[in-house]
Amino acid sequence: MSDYDVIVIGSGAGGGTLVHQLAPSGKRILLLERGDFLPREPQNWLAQDVFADGRYISEDSWDDADGNSFAPQIHYFVGGATKLYGAALYRLRAEDFGELRHADGVSPAWPISYDDMEPFYTRAEQLYRVRGVRGEDPTEPPTSAPYPFPAVSHEPRIQQLADDLAAAGYQPFHAPCGVLLDESNMPFSHCVRCQDCDGFPCLVHAKSDAEVMAVRPALEHDNVTLLTNAAAVSLKTDSGGKAVTDVVVERNGETETHSADIVVASCGAANSAQLLLASASDKHPNGLANGSDQVGRNYMFHNSQAVLALSKEPNPTVFQKTLGLNDFYFAGKEFDHPLGNIQMVGKSQAPMFRGEKPLMTKPAPEWSLEGIAEHAVDFWLSTEDLPRPENRVTLTDDGRIRLTYAYSNEKPKEELYEKLKSMLGEIGMHEGHLLPHHAYLKNEIPVAGVAHQAGTCRFGADPASSVLDANCKAHELDNLYVVDTSFFPSIGAVNPALTAMANAIRVGDHLLERLAA
Ligand SMILES: Cc1cc2nc3c(=O)[nH]c(=O)nc-3n(C[C@H](O)[C@H](O)[C@H](O)COP(=O)(O)OP(=O)(O)OC[C@H]3O[C@@H](n4cnc5c(N)ncnc54)[C@H](O)[C@@H]3O)c2cc1C
Ligand code: SF4
């Protein structure tokens with residue numbers, strides 16, 4: 001008999017949510033997480049420690065296509081990347097599930113429709129307590145329920161921006177957000193509405209991350225075991241190569257194996273591909289579940305840019321990530337192809353420019369870093385990058401990740417930036433507030449910015465062109481599933497986490513049925 005009914009590898013948006021879904025079944029579940037609990041310490045909220053010193057970034061070293069090593073901006077903790085995320089919890093648009101023509105080619109259809117996913121989005125929004133307003137976003141897909149909680153309010157400067165954009169004919173909306181904020185009763189609110197949210201861990205556990213909302217509640221069930229500092233290094237199969245029998249784990253310097261009837265990889269898109277490729281065997285010479293040569297391919301991470309508009313007057317906003325704009329998400333009158341999503345990003349602080357964004361300040365030498373941070377209104381622009389088979393994860397000779405990536409859809413990315421500038425120019429941003437001719441600083445996100453990684457094990461109907469079937473089970477194995485963002489056949493242009501969470505609930509329902517729980 002196996003040690004467990006189910007082993008889930010990785011405790012982030014996909015794996016953590018799945019374990020939460022399976023926990024009440026009473027089935028024996030093992031959750032393996034290579035990281036530890038993220039320490040709760042004052043540094044959680046210090047920009048110098050988090051951004052400049054990279055306190056919570058892993059020590060991993062990956063190679064690019066040319067064999068140059070780089071440090072990926074990746075975080076290994078219980079809760080995965082959601083520990084640091086901005087908690088902007090968007091649904092993909094209904095059209096993202098079909099084929100969409102972009103400037104650089106076609107974004108492929110998913111094997112399931114938006115209608116198939118809708119009930120699971122609703123459940124994910126409830127589990128992660130998402131705040132928002134239906135009906136404001138013109139691209140919003142049909143929904144079966146309102147947001148479970150009211151939207152986070154705009155602070156005055158962002159409200160002004162929303163009003164000015166609306167007056168100019170645009171359709172800004174309150175961004176969907178997962179923070180445990182109760183603005184009607186602040187003395188009892190978990191969230192204190194601070195400036196250190198997007199890109200920071202939440203010291204008071206008031207962010208709807210996978211540790212707080214999914215893993216901790218799951219651990220209240222005696223049938224769920226969590227092993228931290230436990231990295232899965234390979235998966236072993238039975239002699240026929242049809243079922244995973246053992247998960248080989250390195251924990252505290254020792255190697256151990258655990259068996260289960262069902263094994264789920266949810267290590268994040270790059271690491272799940274690495275695990276499957278590292279599990280090559282006689283029966284699976286190119287890597288586990290890789291007879292199609294698709295494992296690791298079609299890596300995506302969004303064509304993203306951080307844009308700072310510098311205004312004459314200080315921007316005193318504390319929690320800035322409250323506004324979104326999808327007016328250019330699809331082709332329209334002005335553009336015959338989609339551009340993408342515009343949203344606010346966490347309010348910049350001077351130490352951030354010394355860390356992840358060192359190049360950004362070069363065009364504004366007359367400004368001190370403190371001055372830039374004080375006056376900036378900060379935007380985040382995402383354009384869809386297309387799945388390309390040559391954009392892929394492979395292994396270096398010593399088994400590390402090699403990430404080969406060339407950008408796609410660069411024209412709409414630039415058009416979205418120009419559109420933002422022209423919109424802000426059009427509205428004067430707030431009469432008399434912007435610098436003459438508007439000063440903008442732009443930071444394009446490099447390949448090391450793997451926050452939105454997806455693809456690498458896409459699901460599909462055809463085993464020749466996909467790794468997983470519609471239930472996220474590997475075509476070639478009877479008991480191996482993948483539920484992190486690697487199942488995405490395309491990434492859309494909104495943030496990916498809610499889709500990983502919703503899909504994990506969907507796969508969870510399937511597994512409960514399979515286990516007859
Ligand atoms: C700074 C930042 C801001 C972001 N903001 C947003 C946002 O506002 N909205 C949004 O939707 N998305 C956001 N994201 C992206 C979002 O967090 C990810 O899309 C999401 O967490 C991906 O879920 P996942 O399950 O695929 O991977 P993860 O959540 O990363 O989980 C993977 C887990 O697997 C573990 N693991 C890896 N390898 C192994 C192994 N071999 N053995 C055991 N465990 C392993 C990792 O430690 C990790 O815990 C942000 C990300 C970052 C970093
Ligand atoms: S804004 Fe709220 S959820 Fe975000 S870090 Fe601050 S207290 Fe935590």
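What you see is a predicted model; the values in this text were computed from it and never measured. Counting convention: from 1, in listed order, for ligands and their atoms alike.
- Heavy-atom separations between Phe200 and ligand 2 are all 4.0 Å or longer.
- Counting heavy atoms under 4.0 Å from ligand 2, residue Asp196 touches it through the backbone alone.
- For Lys321, the heavy-atom gap to ligand 1 drops under 4.0 angstrom.
- The part of Ala87 lying near ligand 1 is the backbone, judged by heavy-atom distances below 4.0 Å.
- Donor-acceptor pairing under 3.5 Å is recorded for the side chains of Thr122 and Glu118.
- For atom 2 (Fe) of ligand 2, the set of nearby N, O or S atoms under 2.8 Å includes none belonging to Cys197.
- Tyr299 and Tyr405 have perpendicular rings, their planes meeting at more than 60° on a 0 to 90° scale where under 30° would count as parallel.
- Counting heavy atoms closer than 4.0 Å to ligand 1, residue Tyr90 contributes nothing at all.
- The backbone of Ala230, and not its side chain, has at least one atom closer than 4.0 Å to an atom of ligand 1 (non-hydrogen atoms only; backbone = N, CA, C, O).
- The closest protein non-hydrogen atom to atom 8 (Fe) of ligand 2 is Cys202 SG, 2.3 Å.
- Any N or O atom pair closer than 3.5 Å counts here, and Gly15 shares no such pair with ligand 1.
- In this structure, Ile9 is part of the shell of residues with a heavy atom less than 4.0 angstrom from ligand 1.
- Within ligand 1, the atoms closer than 4.0 Å to a non-hydrogen atom of His75 are 53 (C), numbered from 1 in the order shown.
- The atoms of ligand 1 that sit less than 4.0 Å from any heavy atom of Phe77 are 47 (O), 49 (O).
- The only option from Lys321, Lys207, Lys347 that meets the salt bridge (charged side-chain N to carboxylate O under 4.0 Å, His left out) definition with Asp198 turns out to be Lys321.
- Heavy atoms of Asn271 found under 4.0 angstrom from ligand 1 belong exclusively to the side chain.
- Nearest approach of Ala280 to Gly287, heavy atoms of both residues: CB-N, 3.7 Å.
- For ligand 1 and Ala13, the ligand atoms under 4.0 Å from any heavy atom of the residue are 20 (C), 21 (O), 23 (O), 25 (O), 29 (O).
- Here is the list of ligand 1 atoms found below 4.0 Å of a heavy atom in Leu84: 1 (C), 2 (C), 3 (C).
- Near Cys191, meaning under 4.0 Å from one of its heavy atoms, ligand 2 places the atoms 1 (S), 2 (Fe), 3 (S), 7 (S).
- For the residue pair Tyr114/Arg91, the side-chain donor-acceptor check at 3.5 Å is satisfied.
- Looking at Val507 and Phe487, their side chains never come closer than 4.5 Å, going by heavy atoms from C-beta outward.
- The backbone and the side chain of Val192 each have at least one atom closer than 4.0 Å to an atom of ligand 2 (non-hydrogen atoms only).
- Using the six-membered ring where Trp is involved, Phe301 and Tyr407 have ring planes that are tilted, between 30° and 60° apart.
- Taking backbone and side-chain atoms together, His190 has no N/O/S atom less than 2.8 Å away from atom 8 (Fe) of ligand 2.
- With hydrogens left out, the protein atom closest to atom 17 (O) of ligand 1 is Ala81 CB, 3.4 Å, a heavy atom.
- Each of the following atoms of ligand 2 lies closer than 4.0 Å to a heavy atom of Phe319: 1 (S).
- Between the side chains of Tyr90 and Asp137, no donor-acceptor pair of N or O atoms lies under 3.5 Å.
- Shortest contact from atom 6 (Fe) of ligand 2 to any protein heavy atom: Cys194 SG, 2.3 Å.
- Residue contacts with ligand 1 do not include Gln453, since none of its heavy atoms lies under 4.0 Å from the ligand.
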